[in-house]
Number of protein chains: 2
Amino acid sequence: MGSRRKTGVVKNCFSCPALDRTEWCVLSQAELRNIDKAKSTREYLPGDAIYHQGDPCSGVHCFASGMVGIRKVDADGNAILVRLAYPGDTLGYRSLLAGEEHRDSAEALKPSTICFIDRAVVRSLLDANPSLGLRFLTRATKDLIDAEERILQNATLSVRARFAHLLLVLKERYATNTEDGSVVLELPLSRQDLAAMIGIRPETMSRTIRQFEDDGIARFSGRIVQVTHVDSLLDEIEPENYV
Amino acid sequence: MGSRRKTGVVKNCFSCPALDRTEWCVLSQAELRNIDKAKSTREYLPGDAIYHQGDPCSGVHCFASGMVGIRKVDADGNAILVRLAYPGDTLGYRSLLAGEEHRDSAEALKPSTICFIDRAVVRSLLDANPSLGLRFLTRATKDLIDAEERILQNATLSVRARFAHLLLVLKERYATNTEDGSVVLELPLSRQDLAAMIGIRPETMSRTIRQFEDDGIARFSGRIVQVTHVDSLLDEIEPENYV
DNA sequence: CGCCAGGTTGATTTCGCTCAAGCAATGTGG
DNA sequence: CCACATTGCTTGAGCGAAATCAACCTGGCG
C-alpha cells in the first residue's frame with residue numbers, strides 16, 4: 001500500500017481533476033452529463049497499453065491523471081517514444097478525425113486514470129456544439145506548430161542543444177524543488193526513451209549526459225538530475241545568437 | 001507573352017479554380033458571396049512575399065493558383081524553405097487560430113494569384129457555420145499527421161532516402177510527361193531549397209545528386225530531372241523492409 | 001568589364017552510429 | 001540460497017556520413 005494513492009477512481013467528469021485542461025470544458029452541463037454517462041474509466045499501471053498502433057480507432061481516450069507516453073513503430077520495428085501526453089490531453093483524436101486506425105501507440109508510464117469515449121458520442125457532440133470543434137481546432141493548430149518547431153530544431157540543432165532543450169521542457173513539468181538557483185528534477189523517462197525523444201541512440205545519450213556532467217551543466221544520478229546552471233542549458237540551445 | 005498565361009485575374013470565388021480544394025467549399029452560396037465581397041485579390045511574381053514571419057496575422061490568404069513556398073527563419077537567420085503550398089491551401093490559418101503573429105513566411109515561387117480574407121470575416125464564418133470549423137479541423141489533423149511523419153523520417157532515414165522521397169513527392173505534382181517508364185519533371189526549386197527541404201547543406205545536395213546520377217537512378221540537367229527508374233527511388237526509401 | 005550569387009568539387013574534420021565488451025540490478029529456476 | 005539469464009546503462013574503438021572550409025566555375029547584370 002502507499003504506491004497507488006494517486007490512482008483513486010474518478011467518480012465522474014464533473015470532478016475530473018483535468019477537466020479545465022480538456023477540450024470538453026466548453027460543453028454545457030447537460031452535454032457533459034452525456035459524456036459522463038457514456039464514458040468508461042480505467043486504471044492503468046506503468047507499461048499498460050492504452051491503445052496500439054494499427055488498432056481501429058473506435059473513440060478517444062480522456063487522460064485524467066498520471067503519465068502517458070506516445071510511441072511509434074519505426075522501420076526497424078522498434079516502438080520509439082515520440083512525445084509525452086499530459087493530463088487533460090485527449091488521446092487519439094487525430095486518428096479518430098483523420099482516418100481509421102491509430103497512427104501510434106499510447107502507454108502508461110506511471111499509474112494513470114484514463115476514460116474512454118466512443119466515437120459516436122464524440123461525433124454527436126461535435127455536431128451539436130460548434131464550439132467543441134473550434135476548441136479541438138485550436139488544439140490541433142497548437143500541436144501542429146509544436147510539431148513544425150520540432151522538425152526545424154531536429155534539423156538545425158546539435159544533439160547537445162536538443163538534449164538541453166528537452167531538459168528545459170521536462171523541468172517545466174517535473175522540477176521538484178529549487179534552492180540556491182539550481183534545479184532538481186526526476187526524469188520520468190529511461191535513457192532509451194530520452195534518446196528516442198531527441199532522435200539519437202542510447203549510447204549517444206550516455207555520452208551526452210557524461211559531457212553535461214563534465215562541463216558542470218548538470219549532475220545525473222539515476223533518474224535524478226540536478227541542473228546546476230539553468231543558464232548553461234539556454235546557452236547550449238542558442239549558438240551565439242546575435243539578435 | 002506566353003509566360004503569364006496562368007495568372008489571369010480571378011473574377012470571383014465562384015469561378016476560383018481551386019475552390020473545390022479549399023475548406024470554403026462547404027459554405028453556402030450566400031456565405032461564399034460574403035467572402036467574395038470581403039476578399040481582396042493580388043497577383044504575385046516569383047520572389048514576392050505574401051507575408052513575413054513575425055508580421056501580425058490579420059487574416060488568411062487563399063491560394064488560388066501558382067506556386068508558393070513556406071519559409072522559416074532558423075537560429076542563424078537564414079530563411080530556409082520548410083514546405084510547399086498548393087493551390088487550394090489556406091495560408092496562415094495556423095497562425096491566425098493559434099496566436100498573434102505569423103510563425104513563418106510565405107513567398108511566391110512562380111506567378112501566383114492569392115486572395116486575402118480578413119480575420120473578422122473568417123471568425124464570423126466559423127461562428128456561423130460549424131462545418132467550416134470541422135473542415136479546418138480535418139485539415140489541421142492531416143497536416144499534423146504529415147508533420148509527425150516527417151519528424152520520424154528525418155530522424156530515421158538517410159539523406160539518400162529523404163531525397164528519393166522528396167523526388168517522389170515532387171513527381172506527383174510536377175511530372176510533365178511519362179514515356180517508356182521513365183519520368184521527366186521540372187524541379188520547382190533551387191538546389192539550396194531542395195537541400196533545406198530535407199535538412200541538409202547545399203554541398204551535400206550536390207553530392208547526393210551526383211550519386212543518383214552515378215547510380216543511374218536519375219539524370220539532372222539544371223532543374224530538369226529524368227527519373228530513369230522510379231522503382232529505384234522506392235528502393236532507396238525502404239531499407240530492406242521485411243513486413 | 002568586374003562583381004556576385006548559385007552551384008560544383010575537393011580536402012579535411014567532426015559528430016554520431018555501429019559493434020563490442022563490461023557492469024549493476026533484477027529476476028528465475030534448480 | 002546460489003548459479004544463471006536478462007535487461008538497462010555505460011564505455012571504448014573504429015567507421016562513415018555529412019558538415020565545414022576552401023577553391024573554382026558559371027551565368028547574369030550593373
Side-chain angles (χ1 to χ4, degrees), chain A residues 3 46-47 69 71 74-76 78-81 107 109 152-166 186-215 218-225 236 239-240, chain B residues 46-47 69 71 74-81 107 109 153-166 186-215 218-225 236-237 239-240:
Chain A
S3 66
R71 298 183 186 279
D74 69 7
D76 300 334
N78 308 313
I80 65 171
L81 190 71
E107 173 193 329
L109 298 177
L152 196 67
Q153 289 196 341
N154 278 350
T156 317
L157 300 181
S158 68
V159 166
R160 278 180 73 110
R162 279 180 276 160
F163 185 45
H165 185 260
L166 177 60
E186 179 179 356
L187 297 179
L189 300 173
S190 69
R191 305 288 144 123
Q192 300 191 69
D193 283 341
L194 287 174
M197 285 282 284
I198 58 176
I200 60 174
R201 302 280 131 185
E203 297 96 320
T204 306
M205 184 79 263
S206 274
R207 289 186 238 273
T208 307
I209 286 176
R210 174 156 256 283
Q211 282 179 30
F212 273 33
E213 292 211 311
D214 292 348
D215 296 351
R219 306 198 60 219
F220 294 78
S221 170
R223 291 190 173 190
I224 305 294
V225 188
E236 287 295 329
E240 57 267 4
Chain B
R71 297 182 187 280
D74 69 6
D76 300 333
N78 309 313
I80 66 171
L81 189 72
E107 173 192 328
L109 299 176
Q153 288 196 344
N154 278 349
T156 317
L157 300 181
S158 67
V159 166
R160 279 180 72 110
R162 279 179 277 159
F163 185 46
H165 185 260
L166 177 60
E186 180 179 357
L187 296 179
L189 301 172
S190 69
R191 305 287 145 128
Q192 300 192 75
D193 283 341
L194 288 173
M197 285 282 283
I198 56 176
I200 60 175
R201 302 280 130 183
E203 297 96 319
T204 306
M205 184 79 263
S206 275
R207 289 185 239 272
T208 306
I209 286 175
R210 175 158 257 283
Q211 282 178 31
F212 273 34
E213 292 210 312
D214 292 348
D215 295 350
R219 306 199 59 220
F220 294 78
S221 170
R223 290 192 175 190
I224 305 294
V225 189
E236 288 294 331
I237 295 177
E240 58 265 5

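Here the structure is a predicted model, which means the values were calculated and not measured. We name chains A, B, ... by the order of the sequence lines, and we start the count at 1 in each one.
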*Can you find a donor-acceptor N/O pair under 3.5 angstrom joining the side chain of Arg191(B) to the base of dT9(C)?*
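A donor-acceptor contact between them is absent.
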Figure out the [atom1]/[atom2] separation between [X] and [N], and round it to whole Å.
{"X": "Asn154(A)", "N": "dG16(C)", "atom1": "CG", "atom2": "C1'", "result": "14 Å"}
{"X": "Arg210(B)", "N": "dG10(C)", "atom1": "CZ", "atom2": "C1'", "result": "12 Å"}
{"X": "Ile200(B)", "N": "dT8(C)", "atom1": "CD1", "atom2": "P", "result": "12 Å"}
{"X": "Phe163(A)", "N": "dG16(C)", "atom1": "CZ", "atom2": "P", "result": "13 Å"}
{"X": "Arg201(A)", "N": "dA20(C)", "atom1": "CZ", "atom2": "C1'", "result": "16 Å"}
{"X": "Leu81(B)", "N": "dG6(C)", "atom1": "CG", "atom2": "C1'", "result": "16 Å"}
{"X": "Leu194(B)", "N": "dG6(C)", "atom1": "CG", "atom2": "C1'", "result": "13 Å"}
{"X": "Ile209(B)", "N": "dG7(C)", "atom1": "CD1", "atom2": "P", "result": "9 Å"}

_Side-chain heavy-atom pair Asp193(A), Arg71(A) within 4.5 angstrom cut-off_ =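 The answer is yes, as the side chains (C-beta and beyond) meet within the 4.5 Å cut-off.
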*asked:* Within the 4.5 Å heavy-atom criterion, are Arg223(B) and Pro188(B) side-chain neighbours or not?
replied: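 Not in contact.
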_Can you tell me if Arg207(A) touches the phosphate of dG16(C), counting only side-chain N or O atoms and a distance under 4.0 Å to OP1 or OP2?_
no
*Does a side-chain N or O from Thr204(A) land closer than 4.0 Å to OP1 or OP2 of dC17(C), or not?*
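Yes.
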_The side chain of Ser158(A) is closest to which nucleotide in this list: dA20(C), dG16(C), dG7(C)?_
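Comparing dA20(C), dG16(C), dG7(C) against the side chain of Ser158(A), the answer is dG16(C).
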*Specify the closest pair of heavy atoms between Phe212(B) and Glu236(B), including all atoms of both residues, with the distance to one decimal.*
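Nearest pair, atom of Phe212(B) first, then Glu236(B): CZ-CG, 4.5 Å.
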*Over all atoms of both residues, closest heavy-atom pair of Ala161(B) and Ile237(B)*: O-CG1, 3.8 Å
*Nearest-nucleotide wise, let me know which of Glu203(B) and Gln211(B) is further upstream toward the 5' end of DNA chain D.*
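Its nearest nucleotide being more 5', the pick is Gln211(B).
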*Would one find more than 12 heavy atoms of other residues, nucleotides or ligands at under 6.0 Å from atom CZ of Arg219(A)?*
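No, the 6.0 Å shell around CZ holds no more than 12 heavy atoms from other groups.
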*Walk along DNA chain D from 5' to 3' and tell me the first and last nucleotide with an atom closer than 4.0 Å to a non-hydrogen atom of chain B.*
dA18(D) to dC21(D)
*From Leu194(A) atom CG to Phe163(A) atom CZ, the distance as rounded to the nearest 0.5 Å*: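 These two atoms lie 6.0 Å from each other.
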*asked:* Run the side chain to side chain contact (heavy atoms under 4.5 Å, CB included) test on Ile209(B) and Met205(B) for me, step by step, so that the C-alpha distance in whole Å, both residues' side-chain angles and the decisive distance to 0.1 Å come before the verdict.
replied: CA-CA 6 Å; Ile209(B) 286 175; Met205(B) 184 79 263; 4.0 Å; yes
